[in-house]
Asker: 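One structure, as structure tokens, below. Some questions next.
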There are 2 protein chains.
Amino acid sequence: MFSKACEYGIKAMIYIAQQEVGQRVGLKQIAQVTESPEAFTAKTLQILARNGVLVSFKGPTGGFSLSKDSSKINLAQIVKAIDGEEIFTGCGLGLEKCDASRPCPVHFKFASVRDGLSLMLHSTSLKELADGLDAGTVFLTQ
Amino acid sequence: MFSKACEYGIKAMIYIAQQEVGQRVGLKQIAQVTESPEAFTAKTLQILARNGVLVSFKGPTGGFSLSKDSSKINLAQIVKAIDGEEIFTGCGLGLEKCDASRPCPVHFKFASVRDGLSLMLHSTSLKELADGLDAGTVFLTQ
DNA sequence: GGTTTAAAAGACAATTTGGTCCTTATTAAA
DNA sequence: TTTAATAAGGACCAAATTGTCTTTTAAACC
Ligand code: FES
Ligand code: FES
């Protein structure tokens, strides 16, 4: 469904969202808590920083923090930054363009599922996910 | 969402389902109509044949035909044969096992979308897709 | 039986994705 | 001002996916 980079990116963002506002978290810690490969996660965080959902700081006391309140960042922004728009708008059978005026055989059934996914991603904020972690009802690892 | 192999496989199956019962279609024709790479499509059809949704015949008058009525084959069987079960049961954040008793942060939202996709795939038969093609309301290419 | 046709099988190549490592740039603190 | 810490960037490697090509196997037809 999502790329590995995207999975790592989402987990990292949720963990960062758990910190108190403005607090920075280092790459090493992020990779450890999310059980993600450190160097590869670094690349992904760079992408997220370039896309403006994350800010990064070098040097001692450096690290990463959210660019805005966790309630203002949703999963769709993260997925779009890392995996692109394909999953939001692409054809289920790989036609160059999903077009309701020249639909592929699965278009209507697929588009409705795909739009459901899109709605879910757009309507899920980092805040609620981090809150679940705080409450201990959900987990970042197994 | 689906692999290229799976996209080609689904398109091929729909086209085969369009033929009259028992009628065989050759690889070349399938690849042409679906605009898929011939040799790669061949591999995919082999997988589908091994998985029993397709039967193949060698020699002159050879080709492929469905192993049973097109109303008895659904998209889930095809996707499962080619891409495996990951998409039906896998965790949205890549945890080894999606487990409601130790859910990841996106579990409940993701699982509902994923189950919607699964339901769609299980409840969509090749027959209805081929019927759409026959009716000229949908298309295999752009 | 020999010839032709078409799928199966397997080797191989190209591309994309996933992942590591090393150097550089930047910043805080001693 | 030097040193240490940390992210950025780029080169590189590994694995999976996508794709091609050649040989083998099976079947029809003469
Ligand atoms: S055209 Fe294929 S999903 Fe819309
Ligand atoms: S545990 Fe992640 S989706 Fe179920």
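Numbers restart at 1 for each chain; the letters A, B, ... are given by sequence-line order, proteins then strands.
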Asker: In whole angstrom, give the distance that lies between atom CG of A:Asp83 and atom P of C:dT17.
Answerer: 9 Å
Asker: Contact class for B:Arg50 vs. all strands (heavy atom < 4.0 Å): base, sugar-phosphate, or nothing?
Answerer: sugar-phosphate
Asker: A:Ile47 has an atom CD1; how far is it from atom P of D:dA8, in whole Å?
Answerer: 11 Å
Asker: Grab the CG-P distance between A:Leu27 and C:dT20 for me, whole Å please.
Answerer: 12 Å
Asker: Within the structure, does a side-chain N or O atom of B:Tyr8 lie under 4.0 Å from either OP1 or OP2 of D:dT18?
Answerer: no
Asker: Whole angstroms only, please: what is the NZ-P distance between A:Lys4 and C:dG19?
Answerer: 7 Å
Asker: Nearest whole Å is fine: how far is D:dT6 P from A:Gln32 CD?
Answerer: 12 Å
Asker: With respect to the phosphate group of D:dG9, does any side-chain polar atom (N or O) of A:Gln46 fall under 4.0 Å of OP1 or OP2?
Answerer: yes
Asker: On DNA chain C, nearest-nucleotide positions of B:Ala49 versus A:Lys58: which is more 5'?
Answerer: B:Ala49
Asker: When the distance from CG of A:Leu45 to C1' of D:dA7 is rounded to whole Å, what number comes out?
Answerer: 10 Å
Asker: Look at the aromatic rings of B:Phe110 and A:Phe2 and report parallel, tilted or perpendicular, splitting at 30° and 60°.
Answerer: tilted
Asker: Between atom CE in A:Met1 and atom P in C:dT17, what is the gap in whole Å?
Answerer: 17 Å
Asker: Please state how far atom CD in B:Glu86 lies from atom C1' in D:dT17, giving the value in whole angstrom units.
Answerer: 15 Å
Asker: Nearest to the side chain of B:Ala39, which nucleotide is it out of D:dA27, D:dC21, C:dA28?
Answerer: D:dC21
Asker: Establish, from distance only, whether the side-chain atoms of B:Asp99 and A:Gln142 form a donor-acceptor pair under 3.5 Å.
Answerer: no
Asker: Remember a base hit wins even if backbone is also touched, and classify A:Lys28 as base, sugar-phosphate or nothing at under 4.0 Å, heavy atoms.
Answerer: nothing
Asker: Answer yes if the side chains of A:Asp83 and A:Ser3 hold a donor-acceptor pair under 3.5 Å, and no otherwise.
Answerer: yes
Asker: Starting at the 5' end of DNA chain C and moving along, which residue's nearest nucleotide shows up first, A:Phe40 or B:Lys43?
Answerer: B:Lys43
Asker: Looking at B:Lys109 and A:Glu128, is any side-chain nitrogen of the basic one under 4.0 Å from a carboxylate oxygen of the acidic one?
Answerer: yes
Asker: Between A:Arg114 and A:Gly90, is there a donor-acceptor pair closer than 3.5 Å when you use the side chain of the first and the backbone of the second?
Answerer: yes
Asker: Toward the 5' end of DNA chain D, which comes first, A:Thr61 or B:Arg24, by nearest nucleotide?
Answerer: A:Thr61
